[in-house]
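In listed order, ligands and their atoms are each counted from 1.
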Amino acid sequence: MKLILLGPPGAGKGTQADALAKRRGLVQLSTGDMLRAAVKAGTEIGRKAEAIMKSGGLVPDEVVIGIIADRIEQPDCANGFILDGFPRTLKQAAALDQLLDSKGTILDLVIELKVDDEALAARIENRARETIAAGGTPRADDNAEALRTRLLAYYRETSPLIGYYFAQGKLKTIDGMAPIAEVSRQIDDLLAA
Ligand code: ADP
């Protein structure tokens with residue numbers, strides 16, 4: 001099964017993708033996590049991406065498309081995967097369609113997590129606070145200014161994907177404001193249908 005979780009920053013894509021991957025034995029592919037790992041490791045991609053990510057902007061399409069193209073070739077992806085944070089632009093979506101097509105496979109479903117804009121800032125502030133309370137360092141982009149840029153990027157570049165996948169008959173929307181377990185249940189219901 002090949003799925004995409006779509007939604008604005010703070011919608012809970014990462015939480016749900018991780019839980020769903022474990023429930024179904026799928027691989028979670030988070031471009032955000034991969035890029036943060038590249039920054040930490042100081043690779044060439046990481047060096048290119050660091051400042052962009054910190055500001056809340058989008059890393060160039062060619063970079064993330066390259067990362068995903070390599071990753072889905074790995075044997076562990078053969079059973080299926082959940083994309084979380086990719087695609088984020090129409091160009092990335094078209095590249096993904098092409099990649100899957102060239103492997104003779106297709107995307108099964110795109111699940112949109114719908115949340116109130118008002119709630120996003122609170123969730124992200126909360127995530128930063130909890131990380132600090134646990135003795136960790138919050139993400140460099142979990143602050144009010146970067147969040148504004150991330151939200152703008154979402155509405156400008158990523159939200160058109162809702163129409164793109166609706167037109168393909170692949171879009172399902174669920175209420176991302178529900179408690180985490182309830183969102184998981186709704187996702188399972190969708191997959192069972
Ligand atoms: P969010 O909580 O904002 O959804 P992610 O962890 O998915 O965060 O991504 C963090 C940052 O990594 C983004 O703001 C962006 O700079 C970069 N990034 C991740 N995925 C992509 C992508 N598909 N295209 C461009 N940039 C990306």
Original post:
Asp33 to ligand 1: N or O pair under 3.5 Å?
Top reply: no
**OP:** Report yes if some N/O of Ser30 lies less than 3.5 Å from some N/O of ligand 1; otherwise report no.
**Re:**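 In this structure, Ser30 places no N or O atom under 3.5 Å from an N or O of ligand 1.
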Original post:
Can you tell me the protein heavy atom closest to atom 8 (O) of ligand 1 and the distance?
Top reply: Arg139 NH2, 3.0 Å
Subject >> atom 26 (N) of ligand 1 [closest protein heavy-atom partner, distance rounded to 0.1 Å] >> reply: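 It is Val59 N, 3.1 Å.
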Give the atom numbers and elements of ligand 1 that come within less than 4.0 Å of a heavy atom of [X].
{"X": "Met53", "result": "11 (C), 12 (O), 16 (O), 17 (C)"}
{"X": "Gly57", "result": "14 (O), 15 (C), 16 (O)"}
{"X": "Gln92", "result": "22 (C), 23 (N), 24 (N), 25 (C)"}
{"X": "Leu35", "result": "12 (O), 17 (C), 18 (N), 19 (C), 27 (C)"}
{"X": "Arg127", "result": "2 (O)"}
{"X": "Lys13", "result": "4 (O)"}
{"X": "Asp141", "result": "10 (C)"}
{"X": "Thr31", "result": "19 (C), 20 (N), 21 (C), 23 (N)"}

Would you indicate whether the side-chain heavy atoms of [Y] and [X] approach each other to under 4.5 Å?
{"X": "Asp76", "Y": "Arg71", "result": "yes"}
{"X": "Arg36", "Y": "Met53", "result": "yes"}
{"X": "Arg24", "Y": "Leu191", "result": "yes"}
{"X": "Tyr164", "Y": "Gln168", "result": "yes"}
{"X": "Leu83", "Y": "Lys2", "result": "no"}

Any salt bridge between [X] and [Y], counting N to O under 4.0 Å?
{"X": "Asp142", "Y": "Arg123", "value": "no"}
{"X": "Asp188", "Y": "Arg185", "value": "no"}
{"X": "Asp108", "Y": "Lys172", "value": "no"}

**OP:** Find the distance between OH (Tyr165) and CG (Leu109) and round it off to the nearest 0.5 Å.
**Re:** 11.5 Å
Subject >> Per atom 13 (C) of ligand 1, closest listed option by heavy atom (Glu50, Arg150, Arg88) >> reply: Arg88
